[in-house]
Enquirer: 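Mind having a look at this structure? Questions to follow.
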Amino acid sequence: MPPSSAQNLVKTAADNSVREIAVFCDFDGTFIVKDVGSTLAQKYVADLRPAQMGRVLKGEISAWEYNMQVIDGMRVPEDELEEFLNSLELDPGAEDLLAWCHKNAVPFRMLSDGFDYNIQRLKELFGVEFDCDCNGMHYEEGLWRISPGYPNPDCGCGTGVCKRGRINEFRAAHPGVVTVHIGNGRVSDLCGVLAADIGFAKDTLALELGNRGVSFYSFETLKDVVTELERIHIS
Ligand SMILES: [Mg+2]
Ligand SMILES: [Zn+2]
């Protein structure tokens, strides 16, 4: 993706008609329709999930500790993973969003609490390209072994990729750029959407923001997001 800089503006800053923006986007359940990790966990470690999820909800363990209890060591045969990844679908507006950012020289970055192995394979399968911050996963004797990508002890999110941390780091390097975060998850997207200047939310993230009285753009597909970004960008 091209760097964010003044010469990338579609119109000159002098007429104040274009805002320089940067887009951050969640992957599972937002860029693709399903959630890879939780769908596989429902199939392969269904017995472990409810108790550990209960502990997360009670605040006894963090989201990443949940991953270590449930996902780390999960035995997913590689051919079954490949078959599952082949069955997934992009959000109907996913490619439109990438194209819109590219056309307008708007920096785009995927922020995912999912795993690099799966995202890399899905990029190949769908023929799409984007920068991505996520967690690590590799196979060890048939078992998933995972490692956190960007944990942040200063944030309450407890995830492997603190999206607030990623957005704040970008902001420090690019002061004045309007940051946008798009997501669907109450746990993995909340700190990111609160850190961003503009939030797009659906599913549990939208419910959580509603409960907190935080304003956001709601969306059903990324096509809705592109329509709104066009308005935000040229205003
Ligand atoms: Mg998600
Ligand atoms: Zn965080």
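When a ligand or atom number is given, it counts from 1 through the structure's own listing order.
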Enquirer: Taking backbone and side chain together, does Ser188 place any N/O/S atom at a distance below 2.8 Å from the Mg ion (ligand 1)?
Expert: no

Enquirer: Can you tell me if CD on Gln42 sees more than 12 non-hydrogen neighbours from other groups inside 6.0 Å?
Expert: yes

Enquirer: Does Asp28 form a salt bridge (Lys or Arg N to Asp or Glu O under 4.0 Å) with Lys34? I'd like the steps, not just the answer.
Expert: CA-CA 6 Å; Asp28 291 274; Lys34 281 189 185 172; over 6 Å; no

Enquirer: If you count the non-hydrogen atoms of other residues, nucleotides and ligands that lie under 6.0 Å from CZ in Arg186, is the total more than 12?
Expert: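 Counting neighbours around CZ of Arg186, 12 or fewer heavy atoms of other residues, nucleotides or ligands fall under 6.0 Å, so no.
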
Enquirer: I'd like to know if the Mg ion (ligand 1) has an N/O/S atom from Asp189 within less than 2.8 Å of it, counting both backbone and side-chain atoms.
Expert: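 Asp189 does not place any N, O or S atom closer than 2.8 Å to the Mg ion (ligand 1).
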
Enquirer: Are there any protein N/O/S atoms under 2.8 Å from the Zn ion (ligand 2), and if so, which?
Expert: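 Less than 2.8 Å away from the Zn ion (ligand 2) sit Cys155 SG, Cys157 SG, Cys162 SG, Cys191 SG.
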
Enquirer: Should the heavy atoms of other residues, nucleotides or ligands under 6.0 Å from CD of Glu220 be counted, would the total exceed 12?
Expert: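 Counting other residues, nucleotides and ligands, CD of Glu220 stays at 12 neighbours or fewer.
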
Enquirer: Tell me whether Leu194 shares a hydrophobic cluster with Val225, the cluster being built from Ile, Leu, Val, Met, Phe, Trp, Tyr side chains joined at under 4.5 Å.
Expert: no

Enquirer: Kindly compute the distance separating CD (Gln69) from CH2 (Trp64), expressed to the nearest 0.5 Å.
Expert: 12.5 Å

Enquirer: Need the atom name: nearest N/O/S atom of Asp28 to the Mg ion (ligand 1).
Expert: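 Looking only at N, O and S atoms of Asp28, the one nearest the Mg ion (ligand 1) is named O.
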
Enquirer: Within a radius of less than 6.0 Å around CD of Glu95, do more than 12 heavy atoms belonging to other residues, nucleotides or ligands occur?
Expert: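 No, CD of Glu95 has 12 or fewer neighbouring heavy atoms, counting only those of other groups under 6.0 Å.
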
Enquirer: Backbone or side chain, does Asp113 get an N/O/S atom under 2.8 Å to the Mg ion (ligand 1)?
Expert: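 Short answer: no, not a single N, O or S atom is under the cut-off.
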
Enquirer: Whether Arg166 engages the ring of Tyr150 as a cation-pi pair (distance to the six-membered ring centre under 6.0 angstrom, angle to the ring normal within 45°) should be assessed.
Expert: yes

Enquirer: Name of the Asp26 N, O or S atom nearest the Mg ion (ligand 1)?
Expert: OD2

